[in-house]
Amino acid sequence: MHTYSSVFLHIVFGTKEQFPFITPDIRPRLHAYLATVIRGLGADALVIGGVEDHVHGLIRLPSPLPYAELLEKAKGNSSRWFNKTVPCGGKFRWQRGYGAFSVSYSNLSRVRRYIENQEEHHRKMTFTEEVQKFLLRHAMEFDLEDLKS
């Protein structure tokens with residue numbers, strides 16, 4: 001029998017200290033670059049979105065790729081790309097952690113819309129509040145100070 005896998009993740013990670021590095025002019029290029037890195041690792045980037053201090057992605061994982069490895073490579077490669085591409089004095093960094101939340105096939109369109117509407121969503125909620133909401137929804141323990149580092 002062949003191996004069949006249908007694993008979708010909603011990923012989210014922010015800039016170090018939530019610094020607003022990701023300006024509207026660079027945002028589409030960064031999102032496209034992240035999608036390219038993710039696809040290069042064999043995953044499908046269904047949508048990448050975000051605002052000035054963080055990104056979201058909806059991805060389908062291939063069966064042999066651990067999501068921690070995918071996120072480590074996506075964050076590392078995109079950080080190097082950002083520092084080479086954007087005049088920021090080489091100061092761009094991602095936070096050390098990330099969020100990865102499972103998504104059922106039936107919820108893909110809802111999560112896609114959520115990611116596509118980040119600018120509107122963040123008029124009402126900060127990144128820290130958003131991540132806290134995800135963690136509570138998924139019954140995960142956390143330290144509020146860790147969300148800011």
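FYI, side chains are in, hydrogens and waters are out, and symmetry mates aren't considered; it's all heavy atoms of this structure.
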Between [Y] and [X], is there a side-chain heavy-atom distance shorter than 4.5 Å?
X: E52; Y: R27; answer: yes
X: R93; Y: E17; answer: no
X: V7; Y: R60; answer: no

Atom NE2 in H31, atom OG in S78: separation rounded to 0.5 Å? 10.0 Å
With rounding to the nearest 0.5 Å, note down the distance linking CG in L46 to CD1 in I38. 9.5 Å
Closest heavy-atom contact between [X] and [Y]?
X: I59; Y: A45; result: CG2-CA, 4.1 Å
X: L71; Y: A100; result: CD1-CB, 4.4 Å
X: L61; Y: L9; result: CD1-CD1, 3.5 Å

I'd like to know if K124 and E130 make a salt bridge, using a cut-off of under 4.0 Å between side-chain N and carboxylate O. no
Check the orientation of H138 and F134. Use parallel for under 30°, tilted for 30 to 60°, and perpendicular for over 60°. tilted
Just say parallel, tilted or perpendicular for the rings of F8 and Y105, cut-offs at 30° and 60°. tilted
Determine, step by step, whether Q95 and T15 satisfy the side-chain hydrogen bond (donor to acceptor under 3.5 Å, both in side chains) criterion, reporting the C-alpha distance in whole Å, the side-chain angles of both residues, the deciding distance to 0.1 Å, and the verdict. CA-CA 5 Å; Q95 287 178 303; T15 59; over 6 Å; no
Ring-ring centroid check F13 H56, cutoff 6.0 Å: no
Which pairs count as side chain to side chain donor-acceptor pair (under 3.5 Å) when at least one residue sits in residues 81-90, sequence neighbours excluded? W81-T85
Is it true that S106 and S104 share a donor-acceptor pair across their side chains at a distance under 3.5 Å? yes
May I ask you to check whether over 12 heavy atoms, not counting those of E72, lie within 6.0 Å of atom CD? no
Step-by-step side-chain contact (heavy atoms from CB on, under 4.5 Å) determination, D53 to I22: CA-CA 6 Å; D53 62 352; I22 311 169; over 6 Å; no
